[in-house]
Amino acid sequence: MDDLYREQIIDHYKNPRMKGTLDPHDISYEDDNPLCGDRLRIDVRLGADGRVSEAAFSGQGCAISMASADLLTESIIGKSLEDVRAIGKAEILEMLGIELSPVRLKCALLSLKVLKAGAYGLAEVHDLD
Ligand code: FES
């Protein structure tokens with residue numbers, strides 16, 4: 001693993017910028033990684049223009065799942081729901097910047113699964129399982 005990216009992941013894990021919950025929220029969804037049982041919740045608030053004004057994540061997980069959740073929630077501020085729904089695996093992997101084994105890929109994609117389930121209102125997330 002590239003040292004720079006390793007440091008970025010550890011930094012986001014240890015010093016998350018987006019950790020917390022939002023109450024009230026417009027979107028809130030929670031799910032787990034079936035391989036390990038780690039759970040993640042993502043809350044989103046939308047502004048009057050329909051774009052994401054605030055986002056937060058909470059839960060327990062490994063460094064990769066938590067860093068991924070932090071980077072992802074940070075990245076969606078200002079985006080429309082349509083743009084959020086269009087985020088794919090490639091963007092997550094680009095944010096993390098590392099090669100991942102299939103098991104670690106599930107960790108990295110947990111946040112995307114949760115966010116997209118919330119953004120779609122539960123539908124069409126099976127391609128991430
Ligand atoms: Fe559970 Fe990574 S080991 S999400």
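Using a 4.5 Å heavy-atom threshold, the side chains of Arg45 and Pro24 count as touching. Contact of the Ile76 side chain with the Ile87 side chain is registered, since non-hydrogen atoms from C-beta on lie closer than 4.5 Å. Under the 4.5 Å side-chain criterion, counting only non-hydrogen atoms from C-beta, Pro16 is in contact with Phe57. Leu115 has its side chain within reach of Val44: a pair of non-hydrogen atoms, C-beta onward, lies under 4.5 Å apart. When side chains are defined from C-beta on, Asp31 counts as touching Lys113, because their heavy atoms get closer than 4.5 Å. Between Ile27 and Val52, every side-chain heavy-atom pair lies at or beyond the 4.5 Å cut-off.
Within the 3.5 Å criterion, the main-chain N or O of Leu22 finds a donor-acceptor partner in the side chain of Asp43. When atom types are taken as modelled, the side chain of Thr73 and the backbone of Ala55 share no donor-acceptor pair closer than 3.5 angstrom. Of the possible donor and acceptor atoms, none in the side chain of Lys79 sits under 3.5 Å from a partner among the backbone N and O of Val84.
Scanning both residues, Ser53 and Gly47, for their nearest heavy atoms gives OG-N, 3.7 Å. Considering every non-hydrogen atom in both Ser80 and Arg51, the closest pair reads N-NH1, 3.5 Å. Taking each heavy atom of Arg104 and Cys62 in turn, the nearest pair found is NH2-SG, 3.9 Å. Contact detail for Gly20 and Ala56: the closest heavy-atom pair is O-CB, 3.4 Å. The nearest pair of heavy atoms linking Ala117 to Tyr29 is CB-CE2, 3.2 Å.
Once rounded to the nearest 0.5 Å, the distance linking CD1 of Ile92 with CD1 of Ile64 reads 12.5 Å. With rounding to the nearest 0.5 Å, the separation of NZ in Lys89 from CG in Leu109 is 6.0 Å. Taking CG of Leu105 as the start and CG of Leu35 as the end, the distance is 10.5 Å to the nearest 0.5 Å. We find the OG-CD1 distance between Ser68 and Ile9 to be 9.0 Å, quoted to the nearest 0.5 Å. Taken from CE in Met66 to OG in Ser58, the straight-line distance is 8.5 Å, to the nearest 0.5 Å. Considering NZ of Lys106 and CG of Asp38, their distance stands at 14.0 Å, rounded to 0.5 Å.
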Inset, instruction - Please report the C-alpha distance between Arg39 and Asp32 in whole Å, then the side-chain angles of each, then the deciding distance to 0.1 Å, and finally whether the salt bridge (Lys or Arg N to Asp or Glu O under 4.0 Å) criterion is met. - result: CA-CA 4 Å; Arg39 292 192 73 79; Asp32 63 9; 3.6 Å; yes
Legend entry - side-chain contact (heavy atoms from CB on, under 4.5 Å) assessment of Leu72 paired with Met95: CA-CA 8 Å; Leu72 181 61; Met95 280 188 246; 4.0 Å; yes
Inset, instruction - Under the side-chain contact (heavy atoms from CB on, under 4.5 Å) rule, what do Ile42 and Ser28 come out as? Steps first, then yes or no, please. - result: CA-CA 6 Å; Ile42 293 180; Ser28 180; over 6 Å; no
Inset, instruction - Evaluate the criterion side-chain contact (heavy atoms from CB on, under 4.5 Å) for residue pair Ser65 and Leu40; output intermediate values, then yes/no. - result: CA-CA 9 Å; Ser65 69; Leu40 179 71; over 6 Å; no
Inset, instruction - Determine, step by step, whether Ile10 and Lys14 satisfy the side-chain contact (heavy atoms from CB on, under 4.5 Å) criterion, reporting the C-alpha distance in whole Å, the side-chain angles of both residues, the deciding distance to 0.1 Å, and the verdict. - result: CA-CA 6 Å; Ile10 290 170; Lys14 289 193 172 165; 4.0 Å; yes
Inset, instruction - List the steps and the verdict of salt bridge (Lys or Arg N to Asp or Glu O under 4.0 Å) for Asp11 and Arg17. - result: CA-CA 10 Å; Asp11 180 41; Arg17 287 68 159 164; 2.8 Å; yes
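In Glu91, the CD atom is crowded: over 12 heavy atoms of neighbouring residues, nucleotides or ligands sit closer than 6.0 Å.
The same ILVMFWY cluster, assembled from side-chain heavy atoms under 4.5 Å apart, contains both Ile77 and Leu46.
A salt bridge between Glu30 and Arg41 is absent, with no side-chain N of the basic residue lying under 4.0 Å from a carboxylate O of the acidic one.
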